[in-house]
Structure formats: structure tokens, C-alpha cells
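First comes the structure, then the notes that go with it.
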Amino acid sequence: MIIVVTSTWIVLTALFLAPSALPAAWQYYIYSPATVCLWLLAMMFGPVILVFRKWSWIRHG
């Protein structure tokens, strides 16, 4: 279960940092308060949803 949660957080963090290579004018729209709020919600609820979906894989290895 730790592997699933950690990998989910790593993927979400990488997706959040990926647009930093874009021009500065675009970064305001990508890093808007709504986007950051959605990212934070995904960081909290994404691992929980993924654990429920992969529960049989986690239990049986």
C-alpha cells in the first residue's frame, strides 16, 4: 500500500512541476489557484481511490 501511495504522489508531483518549463506568461494560467486546489485534492484523495481500485493486487501481491 505504501508503494501505491508513494508512486501516486510522485506522479502527481511530476505532473505539477512539468509545466514549469513553459514560458512565464503561460504559467499563471496553469498554476492558477483553482489548479493548485485541484492538485491538492488529488494529492489527498488520489491515493485513497487508487488503493481501493487495486486492493486485490495489494492483498495478493
- Message: Around atom CG of Leu17, are there more than 12 heavy atoms from other residues, nucleotides or ligands closer than 6.0 Å?
- Response: yes
- So side chain to side chain donor-acceptor pair (under 3.5 Å) across residues 48-58, not counting sequence neighbours, yields none
For residues 33-51, dump all side-chain donor-acceptor pairs below 3.5 Å to protein atoms at least two apart in sequence or in another chain.
| from | atom 1 | to | atom 2 | distance (Å) |
| --- | --- | --- | --- | --- |
| Thr35 | OG1 | Ile30 | O | 3.2 |
| Thr35 | OG1 | Ser32 | OG | 3.0 |
| Trp39 | NE1 | Leu12 | O | 3.0 |

- Task: Each residue besides Val11 in its hydrophobic cluster should be listed here, by chain and number; the cluster joins Ile, Leu, Val, Met, Phe, Trp and Tyr at side-chain heavy-atom distances under 4.5 Å.
- Result: Leu15
- Task: Enumerate the residue pairs fulfilling side chain to side chain donor-acceptor pair (under 3.5 Å) with a member in residues 2-14, sequence neighbours excluded, ordered by first and then second residue.
- Result: none
- Measure across Tyr31 and Ser20 and return the closest heavy-atom pair with its distance rounded to 0.1 Å. OH-N, 3.3 Å
